[in-house]
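If you're wondering where the values come from, they're calculated on a predicted model, not measured in any experiment.
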Amino acid sequence: MCRTLAAFPTTCLERAKEFKTRLGIFLHKSELGSDTGNIGKFEWGSKHSKASRNFSEDVLGWRESFDLLLSSKNGVAAFHAFLKTEFSEENLEFWLACEEFKKIRSATKLASRAQRIFEEFICSEAPKEVNIDHETRELTRTNLQAATATCFDVAQGKTRTLMEKDSYPRFLKSPAYRDLAAQASAAPASLSGSSLPEPSHT
């Protein structure tokens, strides 16, 4: 897939800033962030105490394994924001498309959806072409002749492995995620130390 060099951020600082902004917007939309441009500000107060605790546990779980990240709706959204700064979001989008594809039960819908996924992600010069080898691409093309729920399994598996070995470690090392994880680590302590109002006696 061809991309112009001008489309890429020129420095690591710019990529980090862009990811931080994207993640800040995501947090704002989830009603856990208080500033769309700064992920360092959170509403860890009593209003969102339960949600904040659950969110902090979620965030810390992302670094435990790639499976935990992919099983988290928030984790997928944050990882997608990071991948967009690296211009490699097509890998995750393809993986997600395959997961939804496997849920289709209608043979007719399965075949039409398989063709759309192939044209969007697999075929040469696809708008969101994923990085897979020629053999896998041709195997997937052959599988489409009699589409089943597993026809993208090989391509999906290779794309997942690529993300796990390449993009995922960079995501965990990114300043934006490290700041977020630090906030999440501090959240349980601050929440447990906060006092609840005394019940009124009438």
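- One finds the CG atom of Leu110 at 7.0 Å from the OG1 atom of Thr148 (value rounded to the nearest 0.5 Å).
- Leu70 CG to Leu92 CG: the interatomic distance, rounded to the nearest 0.5 Å, is 7.0 Å.
- Minimum heavy-atom separation, Pro169 to Asp166: CD-O, 3.3 Å.
- Annotation: the span from Arg178 atom CZ to Phe171 atom CZ amounts to 13.0 Å, rounded to 0.5 Å.
- Using a 4.5 Å cut-off on side-chain heavy atoms (C-beta onward), Arg113 and Ile117 make contact.
- Between Leu96 and Val76, some side-chain heavy-atom pair lies under the 4.5 Å cut-off.
- Between Glu90 and Lys84 there is no salt bridge, since no side-chain nitrogen of the basic residue lies less than 4.0 Å from a carboxylate oxygen of the acidic one.
- Nearest heavy atom pair, residue Ala181 against residue Leu60, reads O-CD2, 3.6 Å.
- Tested against Phe94, the residues Phe118, Phe121, Phe101 include a single ring-ring contact (aromatic ring centres under 6.0 Å, His included) partner, Phe121.
- Between Ser88 and Met163 there is no side-chain heavy-atom pair separated by less than 4.5 Å.
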* Under the side-chain contact (heavy atoms from CB on, under 4.5 Å) rule, what do Arg141 and Ile122 come out as? Steps first, then yes or no, please. => CA-CA 9 Å; Arg141 188 193 306 275; Ile122 303 295; over 6 Å; no
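- Here the shortest heavy-atom pairing between Ala155 and Thr140 reads CB-OG1, 3.8 Å.
- With values rounded to the nearest 0.5 angstrom, Ser185 atom OG is found 11.5 Å from Glu57 atom CD.
- Note that CG of Asp58 and OG of Ser71 are 8.0 Å apart. Values are rounded to the nearest 0.5 Å.
- Using cut-offs of 30° and 60° for the angle between ring planes, the Phe79 and Tyr168 rings count as perpendicular.
- Considering every non-hydrogen atom in both Leu144 and Cys151, the closest pair reads CD1-SG, 4.2 Å.
- Classification of Arg170 and Glu86 as a salt-bridged pair holds, one side-chain N sitting under 4.0 Å from a carboxylate O.
- Within a 6.0 Å radius of CD in Glu64, other residues, nucleotides and ligands contribute more than 12 heavy atoms.
- Between Arg116 and Glu119, no side-chain nitrogen of the basic residue sits less than 4.0 Å from a carboxylate oxygen of the acidic one, so the salt-bridge criterion is not met.
- Counting non-hydrogen atoms of neighbouring residues, nucleotides and ligands closer than 6.0 angstrom, the NZ atom of Lys109 reaches no more than 12 such neighbours.
- Remark: Glu164 engages Arg160 in a salt bridge, criterion side-chain N to carboxylate O under 4.0 Å.
- Placement of Leu172 and Phe82 within a single hydrophobic cluster is found when ILVMFWY residues are connected by side-chain heavy-atom separations under 4.5 Å, directly or transitively.
- Side-chain atoms of Thr150 do not come within 3.5 Å of backbone N or O of Asp153 as any donor-acceptor pair.
- Put simply, Trp95 and Leu139 are part of two different groups of oily side chains (I, L, V, M, F, W, Y) that touch within less than 4.5 Å, one to the next.
- At a threshold of 4.5 Å between non-hydrogen side-chain atoms, the residues Glu129 and Arg137 count as touching.
- The side-chain heavy atoms of Leu162 and Asn91, taken from C-beta on, include a pair separated by under 4.5 Å.
- In this structure, Lys158 pairs ionically with Asp133, as a charged nitrogen and a carboxylate oxygen lie closer than 4.0 Å.
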* Asked: For Asn74 and Phe55, what are the C-alpha separation, side-chain angles and deciding distance, and is it a side-chain contact (heavy atoms from CB on, under 4.5 Å)?
  -> CA-CA 8 Å; Asn74 289 332; Phe55 185 72; 3.4 Å; yes
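- To the nearest 0.5 angstrom, His80 atom NE2 is 5.5 Å from Glu89 atom CD.
- Residues Asn143 and Phe152 fail the side-chain proximity criterion, which asks for heavy atoms closer than 4.5 Å.
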